[in-house]
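Contents: one structure, followed by commentary.
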Number of protein chains: 2
Amino acid sequence: MSLPHAILTALLEKPSSGLELTRRFDRSIGYFWSATHQQIYRELGKLEAEGHIRALPTEQPARGQKKSYEVLPAGRAELARWTSAAHDPKPLRDTMLLRLRAAAVVGTAGVEADLRRHLDLHRRQLAEYEEIERRDFPPGKDGPQDRLRHLVLRAGIDLETFWTRWLAHAVEEFAELPSAEQPVSGGPEPARPQSR
Amino acid sequence: MSLPHAILTALLEKPSSGLELTRRFDRSIGYFWSATHQQIYRELGKLEAEGHIRALPTEQPARGQKKSYEVLPAGRAELARWTSAAHDPKPLRDTMLLRLRAAAVVGTAGVEADLRRHLDLHRRQLAEYEEIERRDFPPGKDGPQDRLRHLVLRAGIDLETFWTRWLAHAVEEFAELPSAEQPVSGGPEPARPQSR
DNA sequence: GCTTATTTTGCAACTAGTTGCATAAACGGG
DNA sequence: CCCGTTTATGCAACTAGTTGCAAAATAAGC
């Protein structure tokens with residue numbers, strides 16, 4: 001239930017139309033909360049119906065025409081409430097880890113290539129974050145707002161650093177593993193075809 | 001679309017009933033792929049209908065009675081296929097990061113307490129993982145299967161280490177921040193109530 | 001033996017996110 | 001001006017996950 005709050009935050013930073021929001025969700029905000037344009041339009045409708053935002057007055061509100069929104073006091077209050085409320089962290093859910101566990105049972109064939117691909121993807125993401133850090137947070141830029149935003153970026157950088165290290169380690173580990181075309185032996189029996 | 005494969009993996013490791021699976025999803029597998037019992041029962045039904053698993057023969061298959069499943073060859077093949085196929089990593093989606101970004105606009109009141117709470121939760125999780133590492137992977141236990149499983153556990157440990165460090169840093173940062181009851185100044189104008 | 005609690009399985013309805021496509025205006029030539 | 005492309009908004013249907021509840025078997029008092 002965080003999308004509306006992501007949108008409120010974005011709109012407070014700068015009133016925008018649906019498409020502008022979509023663009024911003026592809027860049028900055030999307031780095032830790034992604035959303036498609038359909039999600040955004042739907043949510044804008046709801047937020048407007050609830051009186052949390054309103055469309056900026058425009059001439060002819062027709063289709064295919066930009067419609068910009070701004071946050072109303074009620075929306076700001078809701079965002080402040082949500083921000084200060086306690087939320088439990090979501091448990092980890094990662095496909096690659098699941099695949100490795102599966103590989104221990106059905107064999108490691110094919111996984112290594114994707115491990116390398118992920119390593120590459122995470123390296124790129126890390127480079128992108130570091131570029132942003134250089135650009136947006138030069139030494140000295142440390143007002144309260146900068147500190148908060150830098151903290152968030154820092155999480156992204158450290159996370160990607162973790163993944164690149166771990167994936168590099170995983171790739172090494174695979175190199176030392178035996179053949180890798182067959183199920184790894186040593187575990188429970190593989191299920192054999194069985195007639196009934 | 002990973003739940004069925006998580007279940008297939010679990011069933012290959014050991015044929016189980018729905019409830020046993022649920023228990024295992026609360027412990028080991030759930031550390032990187034959580035699922036509720038309803039999800040599991042529903043998925044067991046689908047997997048059986050598709051011919052990927054079958055119920056172990058039992059006397060009277062009625063309600064409120066354990067029904068255990070085992071993986072059929074087709075299920076094993078499907079799991080092998082899925083494991084070796086390429087999957088893009090899911091983009092990060094984290095509420096706490098979003099809240100910090102929101103806090104930069106609507107004020108930091110209330111966030112610090114939850115930051116500390118999360119720090120505590122992640123420390124506990126880390127301790128739990130390290131305990132498992134001590135117990136299940138003593139030095140010397142490094143067959144191919146052990147290595148793979150240890151690698152997965154290692155990801156969990158390193159991730160929790162990252163979070164505890166980052167959260168500790170965030171808490172420090174907050175301590176240095178001014179008052180924190182008001183929206184942090186220096187950004188875009190707060191939206192003021194406006195009559196139309 | 002009857003009742004109450006626990007175990008085990010499951011349905012139904014809901015929320016969140018995704019995918020595919022539609023529609024209308026605006027823009028940019030020829 | 002007409003026509004294809006881009007911009008901007010949106011509906012409908014689908015997949016995945018969550019929540020609340022219920023029903024059947026079994027175990028546990030008394």
Side-chain angles (χ1 to χ4, degrees), chain A residues 1-8 10-11 15-26 29-30 32-50 53-56 58-69 82 87-95 98, chain B residues 1-8 10-11 15-26 29-30 32-50 53-56 58-69 82 87-95 98:
Chain A
M1 249 272 300
S2 308
L3 179 58
H5 304 100
I7 291 178
L8 287 172
L11 287 181
S16 310
S17 68
L19 195 69
E20 285 165 335
L21 278 177
T22 304
R23 299 247 161 81
R24 291 168 62 199
F25 269 79
D26 285 342
I29 299 182
F32 47 89
W33 202 275
S34 57
T36 62
H37 68 116
Q38 281 87 349
Q39 269 182 285
I40 290 168
Y41 282 117
R42 209 170 347 141
E43 203 61 47
L44 282 172
K46 279 192 206 167
L47 284 168
E48 189 176 25
E50 292 165 352
I53 63 175
R54 71 161 185 182
L56 287 174
T58 176
E59 304 317 304
Q60 51 217 41
R63 236 181 170 184
Q65 214 173 231
K66 267 195 197 182
K67 196 162 63 169
S68 277
Y69 293 90
W82 177 81
H87 299 274
D88 285 334
K90 285 260 161 285
L92 173 61
R93 214 171 240 204
D94 186 276
T95 309
L98 188 54
Chain B
M1 251 269 302
S2 307
L3 179 59
H5 304 100
I7 292 179
L8 286 172
L11 286 182
S16 312
S17 70
L19 194 69
E20 285 165 336
L21 278 177
T22 304
R23 298 250 163 80
R24 292 169 61 200
F25 269 79
D26 286 343
I29 298 184
F32 49 89
W33 202 274
S34 56
T36 62
H37 69 116
Q38 282 85 351
Q39 270 183 284
I40 290 167
Y41 282 116
R42 213 179 334 150
E43 204 60 48
L44 283 173
K46 280 190 206 169
L47 284 168
E48 189 176 26
E50 292 164 352
I53 63 175
R54 70 162 186 182
L56 286 174
T58 177
E59 305 318 304
Q60 49 217 39
R63 235 184 170 176
Q65 213 174 231
K66 266 196 197 182
K67 195 163 59 168
S68 277
Y69 293 91
W82 177 82
H87 299 274
D88 285 335
K90 285 260 159 287
L92 173 63
R93 215 172 238 204
D94 187 276
T95 309
L98 190 54

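Letters A, B, ... are given to chains in the order of the sequence lines, protein chains preceding strands, and every chain is numbered from 1.
The aromatic rings of His87(A) and Trp82(A) lie tilted to each other, with the angle between the two planes from 30° to 60°.
Counting non-hydrogen atoms under 4.0 angstrom, Ser17(A) reaches the backbone sugars and phosphates but no base.
In this structure, Met1(B) places its CE atom 17 Å from P of dC14(D), rounding to the nearest Å. Distance Phe25(A) CZ to dT9(D) P: 14 Å, rounded to the nearest Å. Taking atom CG of Leu3(B) as the reference point, atom P of dG17(C) lies 18 Å away to the nearest angstrom. The nearest whole Å value for the distance from the CG atom in Asp88(A) to the C1' atom in dT18(D) is 15 Å. Atom OH of Tyr69(A) and atom C1' of dA8(D) are 11 Å apart (whole Å). Per the geometry, CG belonging to Leu21(A) stands 17 Å off P belonging to dT7(D), to the nearest Å. One interatomic measurement links the two molecules: CG of Leu19(A) to P of dA24(C), which rounds to 19 Å at whole-angstrom precision. Whole-Å rounding puts the Lys46(B) NZ to dG10(C) P distance at 15 Å.
Judged as a side-chain hydrogen bond (donor to acceptor under 3.5 Å, both in side chains), and not counting sequence neighbours, Thr22(A) has no contacts. For Ser16(B), the side-chain hydrogen bond (donor to acceptor under 3.5 Å, both in side chains) partners two or more places apart in sequence, or in a different chain, are Arg24(B). Residues satisfying the side chain to side chain contact (heavy atoms under 4.5 Å, CB included) criterion with Pro91(A), sequence neighbours excluded, are Ser34(B). Partners of Ser17(A) under the side-chain hydrogen bond (donor to acceptor under 3.5 Å, both in side chains) rule, at least two apart in sequence or in another chain, are Glu20(A). By the ring pair (Phe, Tyr, Trp, His ring centres under 6.0 Å) test, Trp33(A) pairs with no residue at all, sequence neighbours left out.
Legend: side-chain hydrogen bond (donor to acceptor under 3.5 Å, both in side chains) pairs involving residues 36-48 of chain A, not counting sequence neighbours: none detected.
The rotation axes computed at either terminus of the helix from dG1(C)-dC30(D) to dG30(C)-dC1(D) lie 0° apart, taking five pairs at each end and rounding to 10 degrees.
In terms of position along DNA chain C, the nucleotide closest to Gly18(B) lies nearer the 5' end than the nucleotide closest to the other residue of the pair Gly18(B) and Arg93(B).
Separation of atoms CD1 (Ile40(B)) and OH (Tyr69(B)) is listed at 12.0 Å; rounding is to 0.5 Å.
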- Item | Check against side-chain contact (heavy atoms from CB on, under 4.5 Å), Leu44(A) and Leu11(A) | CA-CA 10 Å; Leu44(A) 282 172; Leu11(A) 287 181; 4.2 Å; yes
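Of the residues in residues 32-42 of chain A, those with a non-hydrogen atom less than 4.0 angstrom from any atom of DNA chain D are His37(A), Gln38(A), Tyr41(A).
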